[in-house]
Amino acid sequence: MKIIRIIFFLIYSCVCISVFGNESNKIKNDLIDKLSHTENSSEKINLLINLKDITESTKEEMPFAFQLFDLSLKNKDKFGIMVALGSVTSYFMEQEAGKDSLFIFLKKADNLLKGSPYDGMVTYYNMCYYMRLIQLTKRENIPVVCDSILNELNKNAHKESKFEEVERLFINGVISHQLASLSGNNSWKSSQAYFEEGWKKIDAFPLTAKKYFSANFAITLLTTYSITKDDVLFRKTADTYLEIQDRFFEQPEIINRRPYFHKNLSYLLCYERLIFNSRLIGKDKAHEYYLKYRDFINSGSGDELYKDKSFFYNLSTTYFKDIEDYNQAILFEDSLIYLIENNKTNIANISNHYLIRALLLSKAARYKESCEAYEVAVAKSDSLMENEYMEKVGEMRVKYDVEKLEHEKVALLAAKRTNELRFAGVIIVITLIISLYLFFNLRRVRGLQVNLEHQQKIAQDSEKIKTSFINSMCHEIRTPLNAINGFSELITEDSVSDEEKNEFSTIIKENVFTLTRLINDMLEVANLDSTSTELPMEIVDIPAICEREVKRLTENSAKRGITYNLEMPKDECKIYTHPHYFSLMLRALLDNANKFTDKGSITVSCRRDSEEFIVSIKDTGCGIPDGKRDYVFEKFAKVNAFTQGNGLGLYLCRLVAERLKGRIEFDPDYHKGLKVNFIIKDI
């Protein structure tokens, strides 16, 4: 989830700017006054753009953003639509039922922005919606949601635009990393290829789309290269991103129509990574980037002076502290304290910053000043505590006075209404009886509500299981059916040779076998789930069944590179069980081992141990992680959501084992693949 939070910090950076001071309020009020006296639509749009930019992250922002969107749409001002889209998208993504409304707005904008310099922005904000959806999804539901998103993106992949292609690559990269993280694998290899491919394709975008898309890709790639310690690609990506930002903000339309567009946060995340990755790019290069960021802030180009510069001062303090230039760090901490004391930033805890200043002065061997700064910090902290204390004392005094007046009022009323006490007593008794009746009635109703909620949850869980089952079966059945239909059509064509017909016939036979096995598994699970009748038992020759199932596997599904072994004891091995279901369980375990083993061996063995009889199937495949070994026995459970299968095999094995009065378990001491033991009492 860390990478998603980093990306969303960038996506919402446009609404993370705070406006402070009388100057900003004066500018805002002047703009509102001009707006109320302006009739010209173009001038109104420009005023609304300025008001939206100057009120970002405040309660006043959204009314201006919606006015701007509607007026720009009416006048077909594509620039105005593009400016409003970010705020409108952010607003609807925060609403529980905002999806439909958001897509309506995006569709309206897309009709006008296509083919313009702002083409691709609708796709960008659609990508932001998917990111937000993943961010808000509970951990246990992430695989299902990610699969749904990928299906939605991939179904139109054959006719997607260049923007939609990059959107799909980015979401694929994020989901790939997300699913890998859920399985305990934090490797970036699977997602890095998606990000790098998308980064290359952004180069062909119009500048505005390039600016916004590159931000998401740059952050993910910088994080990736920092982890993989690739300093060359790290610097190259950062420089390219900064160059795109410079070109975007140098556009005449941005300069002329958005004078209050705060661009600091567009650069901050990138510069922050460059400055604090000195171990990767070297101290000299990190300092060079710091100087570039300092010059960018001090130039004030595109940023009005009333904007909050606490980001820069905070970063500078930390940077110079890290390189042990404490005197320089003190100067920036002083600047930050100045902003706080003069209400030019939203940082409130000034005593903490005096403590930081005291620590920096101590590090610089300026001990006298350090003590003074510490005393100021303590005084500020004491002052805050004193103010809070006085406020509480004042509140308590007011409360006491109110209670005293209430007491006098009650005493006066009591004196005047002595004769009414009996009547009041009767009223109280009646009220008590009614209250008790209502209480017990309410408790009964609440009990019914709890029971209803429980039944609703059971119904919802049942619906989820049904939906999961239908989705799984549709997917698994469709694959062999498609193969059967396709090759059945081909086999009838005259242009197909006899050799190809034989090959197609084999493929059809394999898929018919797969389809039959899926349906049989489903029917067996349904049969075992729906009945509790004891299975009829008889004396069964276990080696004979093992030999038959191994032979079936080697004849129908043998793989090159795998040796199939059968290790049976010389003594007679017979147990009291059900031959059909024992064969069914053994077949499912062998098919599972064959499915997840690419080379090595699969071995079936049986032995007696005290009063138990143990049948083992071991392989040299990929195995099952320890944390998933209980989970895989659940219905429809799969370690890898993208692996073929309906998730019923091991669930069926567990059902059969229980009905045969035995148990099935994994051998924890076997580490070359997977070893499954079926244990049943010997006769």
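All residue numbers in this chain count up from 1 along the given sequence.
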Excluding sequence neighbours, so at least two apart, what forms salt bridge (Lys or Arg N to Asp or Glu O under 4.0 Å) with [X]?
X	value
R257	D77, E253
R294	none
K236	none
D231	R235

Anything under 3.5 Å between a donor and an acceptor, one on a side chain of residues 102-111, the other on a protein residue two or more places apart or in another chain? List them.
unit_1	atom_1	unit_2	atom_2	d
N111	ND2	K107	O	3.2

Just jot down the side-chain hydrogen bond (donor to acceptor under 3.5 Å, both in side chains) partners of [X], sequence neighbours excluded, or say none.
X	value
S278	none
E160	R168
Y293	N264

**Prompt:** Got a sec, which residues hit side-chain contact (heavy atoms from CB on, under 4.5 Å) with Y91, two or more places apart in sequence or on another chain?
**Reply:**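 With neighbours one apart ignored, the set is M62, F66, Q95.
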**Prompt:** With sequence neighbours excluded, what pairs up with K78 under the side-chain contact (heavy atoms from CB on, under 4.5 Å) test?
**Reply:**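 Here the qualifying residues are L113, S116, Y118.
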**Prompt:** Can you list every salt bridge (Lys or Arg N to Asp or Glu O under 4.0 Å) pair that touches residues 352-364, not counting sequence neighbours?
**Reply:**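 For residues 352-364: D334-R357.
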Which atom pairs, donor and acceptor, lie under 3.5 Å between side-chain atoms of residues 367-378 and protein residues at least two apart or in another chain?
unit_1	atom_1	unit_2	atom_2	d
E369	OE1	R366	NH2	3.0
E369	OE2	R366	NE	2.9
E369	OE2	R366	NH2	3.4
S370	OG	A358	O	2.7

